[in-house]
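In listed order, ligands and their atoms are each counted from 1. For clarity, every value in this text was computed on a predicted model and none was experimentally measured.
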Amino acid sequence: MSVDYFNLPPISHSPYGESNHTIVPLLPTIYPFDYAHGLRHLLPTIYHLLPSNAIISSIMTKPVILTGIRANNDLTIGNYFGAILPIIDMAKKHSGDYQINMFIPDLHSFTTPIDHTKLYEQTINNAKLFVAAGLPIDNQNIFMYRQSFIPAHSELTIILDSFTGFGEMSRMIQFKDKSNSVGADRTSLGLFNYPVLMASDILLYNAKYVPVGDDQSQHLEFTRDIAQRMNSKFNELFVVPDSVKNQHEFFGKDQGLRIMDLINPIKKMSKSDDSGRGVIFLNDNPVIAAKKVMGATTDDKAKINFDRDNQPGISNLLEILSLLQGVTLQSVTDQFKGQTNYGDFKKVVAGEVEKFLTDFQKKLVEVDENTVITKLEQSERDLTPIANATLSRVQQAVGLRPNTGDITRSEG
Ligand code: ATP
Ligand code: MG
């Protein structure tokens, strides 16, 4: 999911960064990570001199941008051009002034049925795909972690569940759409509950910015609602992420790029498509992917023209070609102006797809898996104490833990 997601006081700096604010003690014994360990590389010399809370303050010195893509299947060229590349550009552009939290929402992966034998490998592969696509994982402001490796995500979700209305979740458009298509008995509670998990994903790290597409806007609004609800009931527990409008202002409105299914070009290409015949997966054999292009649905107009309404198949192939060649849509359309032979046109697109996948897969093979796993584990160690600090505030507020005094979120 592009956890495509807060307007209390703007976080112009870390909610942990002010010396006059109290950080609640953590509960390190119940979490598997040596929470301070991961911070040592950031604070090599002063680590032993600092109390744990001060260590936490030092990591959260920048406002947080948070984003993730669901690892429910292999990713497609739609995900590549519509999400992976824009996320990498965003991370590179903002990593100086912001902390970038890129996470793999593995717990979100099976809200709808998946092949569980492939899930773990897929989460690692997703992380590798980002690296192959150019994500600089040596950047210390970019964190890359797996949701389920930081148990606070699940624990906060269970707590927030009890402050969330059944009706409120039932009105979520994504839930209605997906549950209507399979029926109530085949709809999991995980799918119903997924906006609450998404709210936890965001609130644990005090994220300010979460790039959201249209399908996730409602979930971001819910995140703001639950945060404000908890804040008014229990004092200021959470940082409320910016509004959808502010998100769009900050990231630029989703440009609406949609690569369509090759067989049914009025439907978006999706990684969870059952047949995969109209879908180009990043791990497709390049020759087979080229064949998928050759078999793409077109029309009988014998005109290579960009017209989504009347020539959706041809328009989609023109769009794919422009992305692969890195040139404007106008320029590819001009290349084929006056040509009438769809076969020749498809061969050009198929050739570019084959070349792109061959190059990309070569880069993917070159990504060192150990380096990626080390990055994931390091980020998980670094961020666990941040997430635990939020969870601990909430646990105290709702009475699960003794109140150690000030359970108010520290906020600049
Ligand atoms: P699913 O079938 O599981 O919903 P999906 O391919 O639609 O998979 P999502 O996980 O819903 O992918 O979305 C991940 C990101 O990829 C989002 O930012 C979304 O906008 C982007 N994206 C998905 N499909 C396309 C597409 N066909 N063209 C461009 N961007 C896409
Ligand atoms: Mg989708």
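The ring-ring contact (aromatic ring centres under 6.0 Å, His included) search around Phe163 returns Phe234, not counting sequence neighbours.
Atom 30 (N) of ligand 1 has its nearest heavy-atom neighbour, among Pro86, Gly78, Pro105, Pro211, in Gly78. Of the candidates Lys271, Lys268, Lys178, Lys268 brings a heavy atom nearest to atom 7 (O) of ligand 1. Here the shortest heavy-atom distance to atom 13 (O) of ligand 1, taken over Leu257, Asn316, Asn79, belongs to Asn79.
Short contacts between ligand 1 and Ser270, defined as distances under 4.0 Å to a heavy atom of the residue, involve ligand atoms 2 (O), 6 (O), 7 (O). Atoms of ligand 1 lying under 4.0 Å from any heavy atom of Arg258, numbered from 1 in the order shown and given with element: 20 (O), 28 (N), 29 (C), 30 (N), 31 (C).
Sorted by first and then second residue, the ring pair (Phe, Tyr, Trp, His ring centres under 6.0 Å) pairs involving residues 281-339 (not counting sequence neighbours) are Phe336-Phe345.
We find that Lys118 and Glu121 are not joined by a salt bridge, their nearest charged nitrogen and carboxylate oxygen being 4.0 Å or further apart. A salt bridge links Asp273 to Lys267: at least one charged side-chain nitrogen sits closer than 4.0 Å to a carboxylate oxygen.
Taking any N or O of Met269, backbone or side chain, at least one lies under 3.5 Å from an N or O belonging to ligand 1. Ligand 1 has an N or O atom lying under 3.5 Å from an N or O atom of Ile259, backbone or side chain. Checked against a 3.5 angstrom limit, the closest N/O atoms of Ile69 and ligand 1 fall outside it. Considering backbone and side-chain atoms together, Asp273 places no N or O closer than 3.5 Å to any N or O of ligand 1.
Distances from ligand 1 to the non-hydrogen atoms of Thr76 include no value under 4.0 Å.
Under a cut-off of 6.0 angstrom, the local environment of CG in Leu329 is crowded, with over 12 non-hydrogen atoms contributed by other residues, nucleotides or ligands.
Neither side chain, Asp106 nor Tyr120, offers a donor N or O lying under 3.5 Å from an acceptor on the other.
Judged purely by atom type and a 3.5 angstrom limit, Gln311 uses its side chain to pair as donor or acceptor with the backbone of Lys303.
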